[in-house]
Amino acid sequence: MKAESETRNADTLPGGPVPPKEDVHRIKDDAEALEAARRVAAQIAEGSAERDRERRLPFAEVELLSQSGLWGITVPKAYGGPG
């Protein structure tokens with residue numbers, strides 16, 4: 001018998017599935033990754049205390065991080081990432 005967490009999928013989560021964005025930026029090198037990290041950190045920092053105080057989930061901030069291409073820097077070159 002599968003645990004409840006194993007059987008849940010995006011269709012059962014609040015708001016339903018989020019379609020993938022095809023225009024996600026691909027970071028090409030270390031310098032670009034550092035610049036993106038600085039830019040995203042500055043944007044996420046805006047309103048962070050209020051967001052924490054109000055216990056709001058950071059959906060927009062996670063989307064910003066995703067669109068920046070920073071999550072892609074963990075993908076090895078062998079699989080199409082920057083390595």
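Worth saying up front: this structure is predicted, and the values here are computed from it rather than measured.
- Cluster partners of Phe59, by chain and number: Leu57. The rule joins Ile, Leu, Val, Met, Phe, Trp and Tyr whenever side-chain heavy atoms lie under 4.5 Å apart.
- The side chain to side chain contact (heavy atoms under 4.5 Å, CB included) check on Tyr79 picks up Val75, Pro76, with sequence neighbours excluded.
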Anything under 3.5 Å between a donor and an acceptor, one on a side chain of residues 41-52, the other on a protein residue two or more places apart or in another chain? List them.
| residue | atom | partner | partner atom | Å |
| --- | --- | --- | --- | --- |
| Ser48 | OG | Ala45 | O | 3.0 |
| Arg51 | NH1 | Glu61 | OE2 | 2.8 |
| Arg51 | NH2 | Ile44 | O | 2.9 |

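- Smallest separation of non-hydrogen atoms from Ser68 and Val40: CB-CG2, 3.6 Å.
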Please tabulate, one pair per line, all N/O donor-acceptor pairs under 3.5 Å involving side-chain atoms of residues 29-37, not counting sequence neighbours.
| residue | atom | partner | partner atom | Å |
| --- | --- | --- | --- | --- |
| Asp29 | OD1 | Ala31 | N | 3.3 |
| Asp29 | OD1 | Glu32 | N | 2.8 |
| Glu32 | OE1 | Lys28 | N | 3.0 |
| Glu32 | OE2 | His25 | NE2 | 2.3 |

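- Residues forming a side chain to side chain contact (heavy atoms under 4.5 Å, CB included) with Val62 (at least two apart in sequence, or on another chain): Pro58, Trp71.
- Applying the side chain to side chain donor-acceptor pair (under 3.5 Å) rule to Arg56 yields the partners Glu54; only residues at least two apart in sequence or on another chain are considered.
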